[in-house]
Amino acid sequence: EPEVTQTPSHQVTQMGQEVILRCVPISNHLYFYWYRQILGQKVEFLVSFYNNEISEKSEIFDDQFSVERPDGSNFTLKIRSTKLEDSAMYFCASRATGADTQYFGPGTRLTVL
Amino acid sequence: DQQVKQNSPSLSVQEGRISILNCDYTNSMFDYFLWYKKYPAEGPTFLISISSIKDKNEDGRFTVFLNKSAKHLSLHIVPSQPGDSAVYFCAASAPLTGANSKLTFGKGITLSVRP
């Protein structure tokens with residue numbers, strides 16, 4: 001069964017460093033999303049992406065964040081200068097055209113020291 | 001901003017019995033609702049969904065009921081099995097408009113099924 005994959009599973013970085021989280025959405029999906037879950041809190045929407053541009057972003061998704069689809073399979077989330085409060089699980093999701101269900105990857109645990 | 005509320009943080013049931021997980025929402029624009037199951041250190045796994053034009057959707061042991069007037073939905077698991085022990089998230093989205101349809105999640109309910 002097709003699934004969303006994410007790498008790395010765990011990323012440790014120093015505050016102020018740049019990180020890139022990678023996702024491979026399900027192959028025939030065209031709508032992509034990033035969510036995050038800070039420990040003990042709810043899953044929060046960050047950004048949606050379609051047709052090579054951002055469709056919607058939340059207040060969390062400030063100028064330090066960016067997304068890109070560098071090729072036909074990868075979808076990345078970049079945090080330019082990480083802060084301690086960026087420590088969280090980051091989930092990528094994708095959705096097929098005409099469908100309502102989003103399918104999630106296993107997540108990347110980001111730890112900012 | 002709790003547009004999706006799962007007020008009970010945990011639920012414990014005996015194996016073989018029914019598990020009923022509740023969810024309330026406040027945004028009347030939501031028209032699609034989903035339940036996800038999550039194990040520790042894994043991503044949310046889609047379980048079942050329901051559109052606002054329906055009041056019930058069933059898939060094997062899982063049934064979701066939607067009461068639009070009460071802005072309430074519930075997930076029934078019958079019979080409950082120990083492997084169902086996980087965190088269950090209720091999520092909702094507003095009408096699809098182009099490429100939107102972000103999901104708004106509740107805080108989750110931890111279900112424990114006792115053998």
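To find a chain, count down the sequence lines: A is the first, B the second, and so on, and within it residues start at 1. Only this structure's heavy atoms are used, side chains among them; waters, hydrogens and symmetry mates stay out.
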Please flag which part of [X] lies under 4.5 Å from any non-hydrogen atom of chain A: side chain, backbone, both or neither.
X	value
B/Ala91	neither
B/Tyr39	neither
B/Leu34	side chain

* Return the orientation label for the A/Phe75 and A/Phe32 ring planes: parallel under 30°, perpendicular over 60°, tilted otherwise. => tilted
* Can you say whether the rings of B/Tyr25 and B/Phe33 are parallel (under 30°), tilted (30 to 60°) or perpendicular (over 60°)? -> tilted
* Among B/Ser49, B/Ser51, B/Ser93, side chain to side chain donor-acceptor pair (under 3.5 Å) partner for B/Tyr32 -> B/Ser49
* Interface moiety of A/Gln37 toward chain B, non-hydrogen atoms closer than 4.5 Å -> side chain
* To do: Determine the sole option in A/Asp86, A/Leu46, A/Val47 for which the side-chain contact (heavy atoms from CB on, under 4.5 Å) test with A/Ile60 is passed.
  => A/Leu46
